[in-house]
Student: 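Encoded as structure tokens, here's the structure I'll be asking about.
Counting convention: from 1, in listed order, for ligands and their atoms alike. Being a predicted model, the structure only gives us computed values, none of them experimental.
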Amino acid sequence: MKRIAFLSLILILILVLLVGCSSASDFYVFGTTLQVKTENDISKKVAKGIYEKLDGYESIISPVVANSDLERLNKAEKDVAVSVSDITLELYKISLEMYNLSSHAFNPAIYPVVKLWGFDANTFVVAGQSKQPPQQADIDALLYLADLENMFVVDYTNKTITKKDSNAMLDFGAVAKGYSLGQLTDIVGDKKSIVDLGGNIIGFNKDYTVGIRSPRNSGSSVFGKFTLHSGESISTSGDYQRYYEFDGVRYHHIIDPSTGKPADKGIISVSIIAGSINGVENTNSAAYVDAISTSVFVLGKEKGIELINTIGVKAVIIYSDLSYDVCGDLDFIRL
Ligand code: ADP
Ligand code: MG
């Protein structure tokens with residue numbers, strides 16, 4: 001299954017790197033492809049180090065890896081304190097901040113509903129396959145669980161998380177890839193490299209030209225391009241990769257916690273780009289970039305742009321009529 005997913009995902013990478021690099025290595029981690037490009041012959045060693053680090057993170061924070069923090073937490077009964085790592089605590093902290101900044105559009109406690117829709121990482125969705133969506137009553141019955149602050153009690157001193165309802169579950173799928181990319185600085189050192197983890201991309205020690213994939217693929221598969229500066233990352237959230245259809249309606253994997261249904265505010269792709277947050281260099285800027293792309297997708301144009309401006313990041317938002325907005329100081333060129 002993993003192999004099929006791997007081969008399929010190679011074909012549907014969200015973002016297309018437009019630069020020619022002398023060396024590239026591909027791996028599979030976090031349920032997606034990892035591509036590392038560097039400029040010299042040490043790339044294989046660097047790429048392997050990056051893969052091993054990301055693999056280590058996945059085994060801690062993925063809800064579908066046995067014995068990970070989230071797998072243990074999600075199956076725990078209520079009122080049982082579950083020991084978790086510093087990484088999980090930090091991701092919870094960033095997530096809670098984004099939950100509040102996004103008026104709860106970003107919400108890792110929506111996972112029971114994500115699973116009901118069949119979009120957990122264990123379920124491979126072939127883009128466009130035909131599949132029946134869940135019943136409204138079943139969605140409604142789970143929505144009370146998406147109450148992040150009341151369902152989870154976090155003890156930062158004893159490093160535990162305790163659930164207040166046995167059915168509550170967490171998923172950092174909308175922030176974990178960005179977060180993990182942000183932890184690679186030490187491994188990469190001063191090497192010029194660019195790392196693409198299923199469309200979450202970070203560049204080191206060089207400016208790279210990066211393409212944003214066309215969400216509807218009519219004509220060119222690249223919608224536009226821009227310069228990703230050294231230390232910046234990009235995250236794209238879209239409705240064109242993980243989705244199925246029923247009766248001509250597209251059901252994708254980003255759920256609006258206020259309705260329990262796939263977000264439907266007119267955005268089909270949003271890319272967030274930044275190397276700092278609120279104008280300040282931040283070691284976790286890639287995590288925020290990831291969380292913001294999901295938040296804006298759920299919020300829609302007006303509230304999304306407000307969030308982008310509040311946090312001070314750059315963005316390309318593509319709407320269902322293929323019109324687009326560019327936010328911040330970005331040299332975006334439409335192709
Ligand atoms: P991708 O993972 O495809 O790069 P995102 O970063 O936008 O895209 O994350 C989407 C994933 O996050 C979903 O697959 C699901 O696991 C989870 N998710 C879905 N809706 C939300 C939401 N409103 N808030 C937080 N996480 C979400
Ligand atoms: Mg995201």
Side-chain angles (χ1 to χ4, degrees), residues 5 9 12-15 29-34 58 61-64 70 74 91-92 94-125 127 139 142-143 145-148 169-182 196-201 212-213 215 233-244 251-265 267-274 284-300 304 307 313 315:
L9 279 163
I12 51 175
L13 278 177
I14 299 174
L15 289 145
V29 65
F30 273 109
T32 191
T33 48
L34 165 69
E58 185 187 18
I61 53 186
S62 165
V64 296
L70 289 203
N74 288 348
L91 270 164
Y92 184 87
I94 294 168
S95 296
L96 183 61
E97 198 183 336
M98 285 307 306
Y99 173 74
N100 288 319
L101 277 171
S102 68
S103 314
H104 306 179
F106 179 86
N107 185 353
I110 196 66
Y111 193 47
V113 181
V114 168
K115 269 175 80 94
L116 179 68
W117 278 94
F119 288 119
D120 54 295
N122 264 344
T123 315
F124 187 70
V125 181
I139 297 169
L142 293 178
L143 272 179
L145 296 167
D147 183 353
L148 187 60
M169 289 189 257
L170 280 184
D171 158 36
F172 293 133
V175 60
K177 294 203 292 288
Y179 174 83
S180 305
L181 286 183
D196 180 346
L197 180 58
N200 281 74
I201 295 181
I212 291 174
R213 179 172 159 174
S233 69
I234 170 171
S235 166
T236 299
S237 292
D239 73 348
Y240 53 88
Q241 197 176 23
R242 277 177 72 73
Y243 73 95
Y244 52 82
Y251 299 100
H252 61 77
H253 72 314
I254 301 172
I255 304 299
D256 182 341
S258 69
T259 63
K261 295 189 208 170
D264 188 16
K265 295 267 172 58
I267 295 178
I268 58 173
S269 164
V270 50
S271 299
I272 303 294
I273 301 112
N284 286 324
S285 67
Y288 286 96
V289 162
D290 194 354
I292 297 164
S293 74
T294 311
S295 308
V296 172
F297 192 97
V298 174
L299 287 170
L307 181 68
V313 292

Student: Just so I know, are the side chains of Val175 and Thr294 near enough to count as touching, which here means a heavy-atom distance under 4.5 Å?
Tutor: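 Not in contact.
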Student: As an exercise, identify every atom of ligand 1 less than 4.0 angstrom from a heavy atom of Asp171.
Tutor: 15 (C), 16 (O), 17 (C)
Student: Could you list the atoms of ligand 1 found under 4.0 angstrom from a heavy atom of Pro257?
Tutor: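 Near Pro257, meaning under 4.0 Å from one of its heavy atoms, ligand 1 has 23 (N).
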Student: In the protein, how many N/O/S atoms are under 2.8 Å from the Mg ion (ligand 2)?
Tutor: 4
Student: Given side chains that start at C-beta, do those of Tyr243 and Val125 come closer than 4.5 Å, heavy atoms only?
Tutor: no
Student: Supply the atom-to-atom distance Phe106 CZ to Ile292 CD1, rounded to the nearest 0.5 angstrom.
Tutor: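 Those atoms lie 10.0 Å apart.
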Student: If the cut-off is 4.0 Å to any non-hydrogen atom of Asp290, which atoms of ligand 1 fall inside it?
Tutor: 6 (O)
Student: Which is closest to atom 27 (C) of ligand 1 by heavy-atom distance: Pro262, Gly198, Ala174, Ser295?
Tutor: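 Checking each option, the heavy atom nearest atom 27 (C) of ligand 1 is found in Ala174.
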Student: Within the structure, does Ser235 bring an N/O atom to less than 3.5 angstrom of an N/O atom in ligand 1?
Tutor: no
Student: Do Leu307 and Ser295 have side chains that approach each other closer than 4.5 Å (heavy atoms only, starting at C-beta)?
Tutor: yes
Student: Should Ser269 and Thr236 count as side-chain neighbours, where that means a heavy-atom distance under 4.5 Å?
Tutor: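 Yes - at least one pair of side-chain heavy atoms lies under 4.5 Å apart.
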Student: Applying a heavy-atom cut-off of 4.0 Å, say which part of Lys177 lies close to ligand 1: side chain, backbone, both or neither.
Tutor: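 The answer is the side chain.
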Student: Please identify which atoms of ligand 1 are closer than 4.0 Å to at least one heavy atom of Ser237.
Tutor: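 Every atom of ligand 1 under 4.0 Å from some heavy atom of Ser237: 5 (P), 6 (O), 7 (O).
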Student: Nearest heavy atom to atom 11 (C) of ligand 1 wins, so pick from Gly173, Ser95, Ala109.
Tutor: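 That would be Gly173.
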Student: Quick one: does ligand 1 sit under 4.0 Å from the side chain of Ala105, the backbone, both or neither, non-hydrogen atoms only?
Tutor: backbone
Student: If we only count heavy atoms from C-beta on, is the Val114 to His253 side-chain gap below 4.5 Å?
Tutor: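 Side chain of Val114 against side chain of His253, heavy atoms only: no contact under 4.5 Å found.
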Student: Contact between His253 and ligand 1, counting heavy atoms under 4.0 Å?
Tutor: yes
Student: Show the numbers, then the answer: is there a ring pair (Phe, Tyr, Trp, His ring centres under 6.0 Å) between Phe172 and Phe30?
Tutor: CA-CA 11 Å; Phe172 293 133; Phe30 273 109; over 10 Å; no
Student: Which distance, rounded to the nearest 0.5 Å, do you find between the CD1 of Ile273 and the OG of Ser285?
Tutor: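 If I round to the nearest 0.5 Å, the distance is 12.5 Å.
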Student: Do Leu170 and Asn74 have side chains that get closer than 4.5 Å, going by heavy atoms?
Tutor: yes
Student: So if I count the atoms of ligand 1 from 1 in the order they appear, which ones are less than 4.0 Å from some heavy atom of Asn107?
Tutor: 22 (C), 24 (N), 25 (C)
Student: Do any heavy atoms of Gly199 fall under 4.0 Å from ligand 1?
Tutor: no
Student: Kindly indicate whether the side chain of Leu181, heavy atoms from C-beta on, has any atom under 4.5 Å from the side chain of Ser233.
Tutor: no
Student: Test of understanding: with side-chain contact (heavy atoms from CB on, under 4.5 Å), list the residues that count as partners of Ala263, not counting sequence neighbours.
Tutor: His252, Asp256, Phe297, Val298
Student: Would you say that Pro108 contacts Leu148 through its side chain, given a criterion of any heavy-atom pair below 4.5 Å between the two side chains?
Tutor: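 Contact flag for Pro108/Leu148 side chains = yes.
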Student: Are any of the N or O atoms of Gln241 closer than 3.5 Å to those of ligand 1?
Tutor: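 For ligand 1, there is no N or O atom that lies under 3.5 Å from one belonging to Gln241.
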Student: Please say whether Ile255 places an N or O atom under 3.5 Å from an N or O atom belonging to ligand 1.
Tutor: yes
Student: Using the ring of each side chain (for Trp, its six-membered ring), is Tyr99 parallel, tilted or perpendicular to His104, with breaks at 30° and 60°?
Tutor: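 Ring orientation of Tyr99 relative to His104: parallel.
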